[in-house]
J.: 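Before anything else, here's the structure in question.
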Amino acid sequence: MVKTLIVVLGPTGVGKSDLSIRLAQFFKTEIISSDSRQIFRELSIGTAVPPPSDLQKVKHHLIHSHSVHDYYSASQFEEDALKILDQIFKEKNVAVLTGGSMFYIDAVCNGIDDLPHIDQKLRARLIFDYQEKGIEHLRLQLKQMDPAYYSSVDLKNHKRILHALEICLMTGKPYSSFRKEEKKERPFQTIKIGLNMDREILYERINQRVDRMIREGLEEEAKQYYPLKTLNSLNTVGYKELFAYFEGKTSLEEAVDLIKRNSRHYARKQLTWFRKDPEINWFLPSQENEIINFVAEKITEWE
RNA sequence: GGUGCCAUAGCUCAGUUGGUAGAGCAACGGACUGAAAAUCCGUGUGUCCUUGGUUCAAUUCCGAGUGGCACCA
């Protein structure tokens, strides 16, 4: 029996959660969330975690499973998600992966190169170097340790340079020697369902969702975690703008407008990423029955 | 009703001593292999309100119209 992973993806606010619950109910299976922020148990309102009543309808994984204090990454997500999929596929033939974190979805579907886990002390030291001495200092080191990667990397993006340096320093080998960029074999078939809608309507939904978050107490939630504002997990739309407001850098109204704008930008960025993936089958969120039929037919073809 | 001011990008506005125009924000496009809701790069999208006139040439000057604002009645 061929195992099938249904991937539900699309821009933030398009309606992925509702559809994935429908799909999971129809195929009598469970949902793995692929959302780099809903994974943190401390965050709920600003990350638009589905309400408990929805989470109870179907078993959900990797929502609220980690802490904002934990280091987390796409490769850890790959590992976590594959482990859970393995469990689900012991009893079921179908599983649903849903969320908008493009890189995380890609790590599960295509895999990610094998690299040593990042030493957090080394990272902290390099970040300090970057802040003190600037990007040029990092570039020079990378040019020496990995000229091949140096010639292809975006030299203005300090995170790329920094990560390559981490690997070079930890292993003594050039980062580029680890970059296989090969698609990994998976013990399951994948059906990608992309949800999209008219851009204007999507933006309107996003704006309204932000207003709702504010009514539901986003300001309180953000205030609670303001002391942790330097954590990467809190470098997140919905929180960082409110932190600026707490510091008197903006008014509340400006902060809310910025949350809306940054959410719209995020949605656009997601669409840019998804656009280049020819495996995605695009639908409107309202086409629930068409989607279920489409998936069911695909599964029958493979059997 | 009278007088004055204004009308330029989605918004707020700048500008052209007459040679068809540019800032901020918004918007749009792209990159992406362990921080990814992160990080980085790129793009001006325009009947210069309408209509006559002057001029080789009008968004710019003049007249009229329309709309808006202010003041006076």
Side-chain angles (χ1 to χ4, degrees), chain A residues 9 11-13 33-40 43 45-49 66 68-81 99-120 122-124 126-127 130 135 138-139 149 152-167 170-171 175-184 199-200 202-203 206-207 209-210 213 218 222 230-242 250 254 257-277:
Chain A
L9 52 82
T12 187
S33 161
S34 50
D35 188 301
S36 70
R37 293 301 188 268
Q38 288 183 6
I39 205 164
F40 299 119
L43 311 180
I45 300 173
T47 53
V49 168
H66 292 67
V68 290
H69 298 282
D70 298 337
Y71 171 73
Y72 204 70
S73 69
S75 74
Q76 285 180 35
F77 181 79
E78 175 191 20
E79 203 179 310
D80 289 344
S101 297
M102 308 83 88
F103 193 24
Y104 283 24
I105 296 168
D106 195 58
V108 171
C109 295
N110 301 319
I112 192 166
D113 290 332
D114 293 317
L115 291 176
H117 281 294
I118 300 302
D119 173 9
Q120 292 307 297
L122 174 63
R123 172 162 291 183
L126 287 174
I127 290 174
Y130 166 63
I135 197 167
L138 297 180
R139 279 191 202 136
Y149 188 62
S152 66
V153 71
D154 175 358
L155 289 169
K156 288 184 176 158
N157 191 330
H158 71 276
K159 289 197 177 187
R160 300 273 144 71
I161 298 176
L162 214 140
H163 177 242
L165 266 182
E166 284 168 346
I167 301 299
M170 283 175 65
T171 63
Y175 170 61
S176 51
S177 66
F178 294 94
R179 280 168 61 88
K180 304 272 184 281
E181 299 187 63
E182 282 167 356
K183 189 174 158 72
K184 287 185 183 167
R199 186 74 64 95
E200 253 178 68
L202 178 67
Y203 281 4
I206 288 172
N207 293 343
R209 192 173 70 167
V210 172
M213 286 174 178
L218 179 58
T230 54
L231 292 178
N232 177 64
S233 47
L234 284 155
N235 184 188
T236 298
V237 175
Y239 299 89
K240 56 183 174 187
E241 298 86 355
L242 285 170
T250 68
E254 284 165 341
D257 282 346
L258 281 174
I259 294 173
K260 290 175 181 172
R261 187 199 67 185
N262 289 338
S263 299
R264 295 195 297 267
H265 285 179
Y266 176 47
R268 218 180 56 215
K269 211 168 67 175
Q270 289 170 304
L271 288 168
T272 296
W273 178 294
F274 294 138
R275 202 153 20 218
K276 70 184 174 191
D277 184 348

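Each chain gets a letter, A, B and so on, in the order the sequences are listed, and its residues count up from 1.
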J.: Is A:Y104 near enough to B:A35 that one of its side-chain N or O atoms lies under 4.0 angstrom from OP1 or OP2?
T.: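 For B:A35, OP1/OP2 do not have a side-chain N/O of A:Y104 under 4.0 Å.
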J.: Given atom CG of A:L115 and atom P of B:A35, what is their separation to the nearest angstrom?
T.: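 Computing the A:L115:CG to B:A35:P distance gives 10 Å.
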J.: Remember a base hit wins even if backbone is also touched, and classify A:T236 as base, sugar-phosphate or nothing at under 4.0 Å, heavy atoms.
T.: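 Touches a base.
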J.: Can you tell me, in whole Å, how much space there is between the C1' of B:U43 and that of B:U47?
T.: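 After rounding to an integer number of Å, I get 23 Å for this pair.
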J.: Any side-chain N or O of A:Y72 under 4.0 Å from OP1/OP2 of B:A35?
T.: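 Answer is no, no contact under 4.0 Å.
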J.: At less than 4.0 Å, is any side-chain N or O atom of A:N232 found next to OP1 or OP2 of B:U39? Yes or no.
T.: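 It does not, given that no N or O in the side chain of A:N232 lies less than 4.0 Å from OP1 or OP2 of B:U39.
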J.: Where the side chain of A:D113 is concerned, which of B:U33, B:C28, B:C32 is the nearest nucleotide?
T.: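 Among B:U33, B:C28, B:C32, the one nearest the side chain of A:D113 is B:U33.
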J.: Return yes if a side-chain donor-acceptor contact under 3.5 Å exists between A:Y175 and A:D113, otherwise no.
T.: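 Not at all, the side chains of A:Y175 and A:D113 share no donor-acceptor pair under 3.5 Å.
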J.: Between B:G52 and B:A58, how far apart are the two P atoms, rounded to whole Å?
T.: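 Going atom to atom, P in each nucleotide, I get 12 Å.
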J.: Need one value for A:D114: base, sugar-phosphate or nothing, where a base atom within 4.0 Å counts as base even if backbone is also close, heavy atoms only.
T.: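 Base: the residue A:D114, judged by heavy atoms under 4.0 Å, touches a nucleobase.
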J.: Please report the distance separating the C1' of B:A36 from the corresponding atom of B:C13, rounded so that it comes out in whole Å.
T.: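 Between the two C1' atoms, the distance is 37 Å.
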J.: Using whole Å, report how far NZ of A:K276 lies from C1' of B:A31.
T.: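 A:K276 atom NZ is separated from B:A31 atom C1' by 7 Å.
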J.: For the side chain to side chain contact (heavy atoms under 4.5 Å, CB included) test, which of A:L165, A:I161, A:I167 pairs with A:H163?
T.: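 Option passing the side chain to side chain contact (heavy atoms under 4.5 Å, CB included) with A:H163: A:I167.
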J.: Could you tell me whether A:G238 contacts a base, only the sugar-phosphate backbone, or nothing, with contacts defined as non-hydrogen atoms closer than 4.0 Å?
T.: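 If one applies the 4.0 Å heavy-atom cut-off, A:G238 turns out to touch nothing in the nucleic acid.
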J.: Would you please indicate yes or no on a ring centroid separation below 6.0 angstrom for A:H117 and A:Y71?
T.: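 No, ring centres 6.0 Å or more apart.
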J.: Taking syn as a glycosidic torsion within 90° of 0 and anything else as anti, which one is B:G34?
T.: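 B:G34: syn.
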J.: Expressed as a whole number of Å, how far does the C1' atom of B:U8 sit from that of B:G46?
T.: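 Looking at atom C1' only, B:U8 and B:G46 are 8 Å apart.
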J.: Return the value, rounded to whole Å, for the distance between atom CG of A:D277 and atom C1' of B:C32.
T.: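 Atom-to-atom, A:D277 to B:C32, this comes out as 14 Å.
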J.: What contact category does A:T47 fall into here, base, sugar-phosphate, or nothing, at under 4.0 angstrom with non-hydrogen atoms?
T.: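 Touches a base.
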J.: OP1, OP2 of B:G34 versus side-chain N and O of A:Y175: anything below 4.0 Å?
T.: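 A:Y175 to B:G34 OP1/OP2: side-chain N or O found under 4.0 Å.
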J.: What's A:I112 touching, base or sugar-phosphate or nothing? Going by heavy atoms closer than 4.0 Å.
T.: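 Here A:I112 touches the bases of the nucleic acid.
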J.: B:U45 and B:C11: how far apart are their C1' atoms, nearest whole angstrom?
T.: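 To the nearest whole Å, 14 Å.
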J.: A:E181 side chain: which of B:C32, B:C28, B:U33 is closest?
T.: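 From the listed options, B:U33 comes nearest.
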J.: How is A:F77 classified with respect to the nucleic acid when contacts are heavy atoms under 4.0 Å: base, sugar-phosphate, or nothing?
T.: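 Here A:F77 touches no strand at all.
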J.: Looking at every strand, decide which applies to A:D35 at a 4.0 Å heavy-atom threshold: base, sugar-phosphate, or nothing.
T.: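 Here A:D35 touches the bases of the nucleic acid.
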J.: Which listed nucleotide (B:U39, B:G34, B:A31) is nearest to the side chain of A:R123?
T.: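 Selected nucleotide (nearest to the side chain): B:G34.
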J.: Quick one: A:W273 CH2 to B:G29 P, roughly how many Å, whole number?
T.: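 Rounding to the nearest Å, CH2 of A:W273 and P of B:G29 are 17 Å apart.
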J.: Are OP1 or OP2 of B:C28 and a side-chain N or O of A:R264 less than 4.0 angstrom apart?
T.: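 False: A:R264 side-chain N/O out of range (4.0 Å or more) of B:C28 OP1/OP2.
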J.: Using a 4.0 Å heavy-atom cut-off, does A:F40 contact any base of the nucleic acid, only the sugar-phosphate backbone, or nothing at all?
T.: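 No contact.
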J.: May I ask you to check whether over 12 heavy atoms, not counting those of A:Q120, lie within 6.0 Å of atom CD?
T.: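 Enclosed.
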J.: Nearest whole Å is fine: how far is B:A35 P from A:E166 CD?
T.: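 For the pair A:E166 CD and B:A35 P, the rounded distance is 6 Å.
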J.: A:R160 has a side chain; which of B:A35, B:C40, B:A36 sits nearest to it?
T.: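 Nearest to the side-chain atoms of A:R160, counting from C-beta on, is B:A36.
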J.: Rounded to whole angstroms, how far apart are NE2 on A:H117 and P on B:U33?
T.: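 Atom-to-atom, A:H117 to B:U33, this comes out as 18 Å.
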J.: Please confirm whether A:H66 and A:F40 have ring centers closer than 6.0 angstrom.
T.: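 That pair fails the under 6.0 Å test.
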J.: Say you pick atom C1' in B:U20 and the same atom in B:U60; how far apart are they, in whole Å?
T.: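 Pairwise C1' distance, B:U20 against B:U60, rounds to 11 Å.
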J.: Rounding to a whole Å, what distance do you find between A:N262:CG and B:A27:C1'?
T.: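 Atom-to-atom, A:N262 to B:A27, this comes out as 14 Å.
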J.: In whole Å, measure the gap between the P atoms of B:C25 and B:C40 for me.
T.: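 The answer is 16 Å between these two P atoms.
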J.: When the nearest nucleotide of RNA chain B is assigned to A:K183 and to A:K156 on a heavy-atom basis, which residue is associated with the more 5' position?
T.: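 First, find each residue's nearest nucleotide; the 5'-ward one identifies A:K183.
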J.: Nearest-Å distance, CG (A:D154) to P (B:A31)?
T.: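 These atoms are roughly 13 Å apart.
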J.: Could you summarise the pairing of RNA chain B as dot-bracket text, marking Watson-Crick and G-U pairs under 3.5 Å with ( ) or [ ] inside the strand and | across strands?
T.: (((((((..((((.....[..)))).(((((.......))))).....(((((..]....)))))))))))).
J.: Ignoring hydrogens and geometry beyond distance, is a side-chain donor-acceptor pair present between A:R37 and A:S101 at under 3.5 Å?
T.: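 Result is no, nothing qualifies.
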J.: Is there a donor-acceptor contact under 3.5 Å from the side chain of A:T47 to the main chain of A:Q38?
T.: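 Flag not set: sc A:T47 to bb A:Q38 has no pair under 3.5 Å.
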J.: Think A:K276 forms a cation-pi with A:W273, using NZ or CZ under 6.0 Å from the six-ring centre and within 45 degrees of its axis?
T.: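 Positive - A:K276 is close enough to the ring of A:W273 and near enough to its axis.
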J.: Between the base of B:U39 and the side chain of A:K269, is there a donor and acceptor pair under 3.5 angstrom?
T.: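 Side chain to base: pair present.
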J.: May I ask you to say what A:L234 touches in the nucleic acid, namely base, sugar-phosphate or nothing, with a heavy-atom cut-off under 4.0 Å?
T.: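 It contacts nothing in the nucleic acid.
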J.: Looking only at side-chain N and O atoms, does A:N235 come under 4.0 Å of OP1 or OP2 in B:U39?
T.: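 Yes, within the criterion.
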J.: Please report, to 0.1 Å, the donor-acceptor pairs under 3.5 Å made by any side chain of residues 104-111 of chain A, with sequence neighbours excluded.
T.:
from, atom 1, to, atom 2, distance (Å)
A:D106, OD1, A:N110, ND2, 2.7
A:N110, OD1, A:K183, NZ, 2.7

J.: Counting only side-chain nitrogens and oxygens, does A:T272 get under 4.0 Å of the OP1 or OP2 atom of B:G30?
T.: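 A:T272 to B:G30 OP1/OP2: side-chain N or O found under 4.0 Å.
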J.: A:H265 has a side chain; which of B:U33, B:C32, B:A27 sits nearest to it?
T.: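 Closest nucleotide among those given: B:A27.
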J.: As a test of reading the structure: which of B:A31, B:G34, B:U33 is closest to the side chain of A:H163, going by heavy atoms?
T.: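 Nucleotide nearest to A:H163's side chain: B:G34.
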J.: When the C1' atoms of B:A9 and B:G15 are considered, how many whole Å apart are they?
T.: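 Between the two C1' atoms, the distance is 14 Å.
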J.: Closest nucleotide of RNA chain B for A:Y149 versus for A:A48: which of these residues is on the 5' side?
T.: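 Between the two, 5'-proximity favours A:Y149.
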J.: Taking only the side-chain heavy atoms of A:R37 (C-beta and beyond), determine which of B:G34, B:A36, B:U33 contains the nearest atom.
T.: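 In terms of side-chain proximity for A:R37, the closest of B:G34, B:A36, B:U33 is B:A36.
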J.: Return the CD1 to CD1 distance between A:I259 and A:I206, rounded to the nearest 0.5 Å.
T.: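 It comes to 13.0 Å.
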J.: Less than 4.0 Å between a side-chain N and a carboxylate O, is that true for A:E181 and A:R179?
T.: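 A salt bridge links A:R179 with A:E181.
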